[in-house]
Amino acid sequence: MALAKRQILVTSALPYANGAIHIGHLVGYIQADIWVRFQRLRGHDVVYLCGDDAHGTPIMLRARQEKLAPEQFIARMNQEHQADFARFDIVFDSYYSTHSPENRVLCERFYERLRQGGHIAQRPVEQFFDPVENIFLPDRFIKGTCPACGAADQYGDSCDACGKHYAPTDLIDPRSVVSGATPRRKSSPHLFLQLEDFRDQLGGLIRGGMVDAAVANKLQEWFGDRLKDWDISRDAPFFGFPIPGQTEKYFYNWLDAPIGYLASLAHYLRAEPAEAEDFWRAPGRETYHFIGKDIIYFHALFWPAMLLGAGLPPPGKLCVHGHLTINGGKMSKSRGTFISAEQYARHLDPQALRYYFATRLTATPADIDLHFGDFIARVNSELVGKLANLISRAAGPLAKLLEGRSGAAAPAAGAMLADFRTAAPEIATDYENRNYAGVTRRICALADMANKYVEEQAPWSMVKTAPEAARSVWSTALECGRILTIYLKPILPRFAEKVEQCLGLGPLAWADVEQVLSPRRLAPFEHLAGRIEERKIEVMVRENQTPVAPAAVAGPVAATSDRPTSGGSWRAGNESPKSPLGPTGAPSAIAQAPVTAEPLAATCTIEQFNAVDLRVARVLSAEPVQASEKLMRLELDLGALGRRTVLAGIKKAYSAEQLVGRQVIVCANLAPRKMKFGVSDGMILAAGAGGTDLALLSVESNATPGQRVH
RNA sequence: CCGAGGGUAGCUCAGCGGUUAGAGCAGGGGACUCAUAAUCUCCGGGUCGUGGGUUCGAUUCCCACCCCUCGGACCA
């Protein structure tokens, strides 16, 4: 084939070096790895780069917590990340780090050119400063009282109680999460990249195919207004690179992260950073960034602006993938579905995950679901039952019954083999467009044909009287298997390796589809892919199920605690409890397990208990709060105590009709709470995880509104 | 509330202006035994969210509505 050889540069997003790789991360890496392997199989030149995003305050603090120097900490994370990727056959040409000499030089070069181009502005920023730790605090490291509704213990960016957004400087009674000290407001000059300078160019890129339509659409959200300046500086102490010409200033790690792609390239080339830039801008070079939808902003706006400002070509294409859900829900620690790469690999076959992700991946940024029941079904029936079995049922009998020699394919099977070969361009197009779901569908359809062929020929019968005819049937099946192996090779490199070995072939390339498998002696056949046992998933999930933190008290449905708790049990309540295997999975022990095993709270005295004044109340009226997804506005009759308005997070579990007239238990002496939709004066009690899983407390009909509960 | 994406068989998903709407799994009946209890075959099963419209013709295009998911921040 006379395909022009493409020069392709592929990157995967740099994982942040403060945590382990989990199977959600793997979606994007497996997607990119498959694409890279496909391009190489076609004979193109690909350089595949990645590395750790190793800078920033969270890493600095985390290292300190572990009593390590940041450099030691990130070195360890780097090792762990590389080991995790290797387990899943994700192979980079260079896995580097943003904390590298090359990256420092590159950041300085970028910055200098941006500055000289007049794209950097300087102005003061007032932020909170922790006087004990002597650090400026990111918004998430500050808590305080919401200036809008008075809710306590809210983060520095927005209030979970009323939803109001504000600056951390607006908080009442702010505290540092790091030291607990009261932060001071402190002004400091910051450096900004003026994104608006690049508006026209960025708009052109977005409309010009750098991203797919769905992503371009999403970008309009930000692009509609004027583009805001981007603060690229952070104050000392900060784990990162100092900004030249400034004192006590560091590059924000989202500036050095994408530049890290070039640093990783320099590392791969074992060359000076300038040479990496030359490589990047070489004519005909195609660059592809594989990223998750959560970091579109950086890669579609900041990064191209940085490149343009530094005189380098913008990225060719951003390949955006969605996030992973498990059994239709978010990964959840309490449900045991927050699974690390290492944990998965310890219990299950990585190539099964590669295959399953492939069956679900398309070019859209839609989330993909790892549905355990479907996962088992797809892998066992398609990967094992159809694909591996096809080769096994051909190689096995040839070895056992026919001296381990394959022969020529059956002439009568010519039409089928032609179908196998003519599928190549369509499969290649699907690969090229990242439509791996299409790839696996086509491959399975071909495998069905081959299995059907073998079935109809029944070589096991003819082997008794016409062994050469049987040999040609099995050899035909083997040829089918060989071609399918080529098609599958980007997804299943180990599978392909074993087939190559059995057939005594060198590494198969895409062009080998057109070759013919000549008669040969077969090497011993190796098991290609194992079935997934449901039990192993159960064990993995159970091992992974951590007890819910005591903080995650989901019991009382309080107007004042209408927010997800740290343990995640509240969110878990948004779905009815179901088997980890999902509806199509067989019932399992876990399905019956309680949603959470909530630890007993600390012992309290009778005095402490008496401090809580619980009363019987009758619901006079109930009205769902329109603009809220959870809140219901209740008018309560507390007898002699009069009427109360309570906002309760029970909208998903109860309708207004179900509530009116009903008697409930209310905490009557709870401090009134101002919320976005009014003041809530008390809280009603219920059991359950939250969301739709709620059971209101009620009393026998002989209780009277206003009576105290003792 | 605003924006985006989606609602297609019991489940997970393809398809998309045009012949009787598909796949895998699940369910039911057969066949076969070479193969990792795999494979093959037949059957059942969908008013393609609801209501309008455009059209010779709509699941596929347009409008409205309902439901689900995700985003909406100076984190960037």
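Computed from a predicted structure; not experimentally measured. To find a chain, count down the sequence lines: A is the first, B the second, and so on, and within it residues start at 1.
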Q: Over 60° means perpendicular and under 30° means parallel, so classify the ring planes of Phe375(A) and Tyr356(A), tilted if in between.
A: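 Answer is perpendicular, since the angle exceeds 60°.
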
Just the rounded figure in Å: distance from [atom2] of [N] to [atom1] of [X].
X: Gln457(A); N: C32(B); atom1: CD; atom2: C1'; result: 14 Å
X: Asn435(A); N: A14(B); atom1: CG; atom2: P; result: 9 Å
X: Tyr356(A); N: G24(B); atom1: OH; atom2: C1'; result: 10 Å
X: Leu446(A); N: A23(B); atom1: CG; atom2: C1'; result: 14 Å
X: His371(A); N: A26(B); atom1: NE2; atom2: C1'; result: 12 Å
X: Asp294(A); N: G5(B); atom1: CG; atom2: P; result: 19 Å
X: Asp367(A); N: A4(B); atom1: CG; atom2: C1'; result: 12 Å
X: Phe525(A); N: U36(B); atom1: CZ; atom2: P; result: 8 Å

Separation between the [atom1] atoms of [N] and [M], rounded to whole Å:
N: U33(B); M: C48(B); atom1: P; result: 44 Å
N: C43(B); M: G7(B); atom1: P; result: 29 Å
N: G10(B); M: G28(B); atom1: C1'; result: 14 Å
N: U12(B); M: A38(B); atom1: C1'; result: 23 Å
N: G51(B); M: A58(B); atom1: P; result: 15 Å
N: G49(B); M: G5(B); atom1: C1'; result: 15 Å
N: C34(B); M: U20(B); atom1: P; result: 44 Å
N: C13(B); M: G72(B); atom1: C1'; result: 29 Å

Determine all donor-acceptor pairs shorter than 3.5 Å in which one atom belongs to a side chain in residues 452-464 of chain A; sequence neighbours excluded.
| residue | atom | partner | partner atom | Å |
| --- | --- | --- | --- | --- |
| Glu455(A) | OE1 | Arg393(A) | NH2 | 3.3 |

Q. Of all residues at least two apart in sequence or in a different chain, which pass the salt bridge (Lys or Arg N to Asp or Glu O under 4.0 Å) check with Asp231(A)?
A.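 Here the qualifying residues are Arg234(A).
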
Q. Residues two or more places apart in sequence or in another chain: which of them pass salt bridge (Lys or Arg N to Asp or Glu O under 4.0 Å) with Arg405(A)?
A.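 Once residues adjacent in sequence are excluded, Arg405(A) has no partner under the salt bridge (Lys or Arg N to Asp or Glu O under 4.0 Å) criterion.
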
Q: Just jot down the side chain to side chain contact (heavy atoms under 4.5 Å, CB included) partners of Arg535(A), sequence neighbours excluded, or say none.
A: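 Residues passing side chain to side chain contact (heavy atoms under 4.5 Å, CB included) with Arg535(A): Glu533(A).
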
Q: For Ala388(A) and for Ala377(A), locate the closest nucleotide of RNA chain B by heavy-atom distance; then report the residue assigned to the nucleotide nearer the 5' terminus.
A: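 By nearest-heavy-atom nucleotide position, the 5'-most residue is Ala377(A).
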
Q | First encountered from the 5' end of RNA chain B, between Asp369(A) and Trp474(A) | A |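 Closest to the 5' end, via its nearest nucleotide, is Asp369(A).
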
Which part of the nucleic acid, if any, lies within reach of [X] when heavy atoms closer than 4.0 Å are counted: base, sugar-phosphate only, or nothing?
X: Ala529(A); answer: base
X: Ala366(A); answer: nothing
X: Arg442(A); answer: nothing
X: Leu390(A); answer: nothing

**Q.** side chain to side chain donor-acceptor pair (under 3.5 Å) against His289(A), all qualifying residues, sequence neighbours excluded
**A.**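 His289(A): side chain to side chain donor-acceptor pair (under 3.5 Å) contacts with Thr11(A), Trp303(A).
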
Of the nucleotides [options], which one has an atom closest to the side chain of [X]?
X: Arg441(A); options: G24(B), A35(B), A14(B); answer: A14(B)
X: Ser392(A); options: C70(B), G24(B), A35(B); answer: A35(B)
X: Lys293(A); options: U36(B), C70(B), U12(B); answer: C70(B)

Please tabulate the protein-to-nucleotide N/O contacts below 3.5 Å involving nucleotides 37-41 of chain B, giving atom names and distances.
| residue | atom | partner | partner atom | Å |
| --- | --- | --- | --- | --- |
| A38(B) | OP1 | Arg531(A) | NE | 3.3 |
| A38(B) | OP1 | Arg531(A) | NH2 | 2.7 |
| A38(B) | O5' | Arg531(A) | NH2 | 3.1 |
| A38(B) | O2' | Gly385(A) | O | 3.1 |
| A38(B) | O2' | Asn389(A) | OD1 | 2.7 |
| A38(B) | O2' | Asn389(A) | ND2 | 3.3 |
| U39(B) | O2' | Arg393(A) | NH1 | 3.2 |
| U39(B) | O2' | Glu455(A) | OE1 | 3.1 |
| U39(B) | O2 | Glu455(A) | OE1 | 3.1 |
| U39(B) | O2 | Glu455(A) | OE2 | 3.2 |
| U41(B) | OP1 | Lys452(A) | NZ | 3.1 |

Q: Look at Arg360(A) and C13(B) and indicate whether a side-chain polar atom (N or O) is within less than 4.0 Å of OP1 or OP2.
A: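 Yes, within the criterion.
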
Q. If only side-chain N and O atoms of Lys228(A) are considered, is one of them under 4.0 Å from the OP1 or OP2 phosphate oxygen of A73(B)?
A.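 Lys228(A) to A73(B) OP1/OP2: no side-chain N or O under 4.0 Å.
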
Q: Tell me, please, which residues at least two apart from His321(A) pass ring pair (Phe, Tyr, Trp, His ring centres under 6.0 Å).
A: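 Scan of His321(A) (ring pair (Phe, Tyr, Trp, His ring centres under 6.0 Å), adjacent residues dropped) gives none.
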
(Q) His323(A): which residues meet the ring pair (Phe, Tyr, Trp, His ring centres under 6.0 Å) condition with it, sequence neighbours left out? (A)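 His323(A) satisfies ring pair (Phe, Tyr, Trp, His ring centres under 6.0 Å) with no other residue.
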
**Q.** Ring-ring centroid check Phe136(A) Phe128(A), cutoff 6.0 Å
**A.**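 Aromatic pair excluded; centres sit 6.0 Å or further apart.
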
(Q) For RNA chain B, please output the secondary structure as dot-bracket, reading 5' to 3'. Pairs are Watson-Crick or G-U wobble, both atom distances under 3.5 Å; mark crossing pairs with [ ], other-strand partners with |, unpaired with a dot. (A) ((((((((.[[[[.)..(...]]]].(((((.......))))).....[[[[[..)....]]]]])))))))....

Q | Presence of salt bridge, Arg494(A) and Glu497(A), under 4.0 angstrom | A |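 Here Glu497(A) does not pair with Arg494(A) in a salt bridge, since their nearest N and O are not under 4.0 Å apart.
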
Q.
Is a donor from one side chain sitting under 3.5 angstrom from an acceptor on the other, for Tyr16(A) and Asp52(A)?
A.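 No.
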
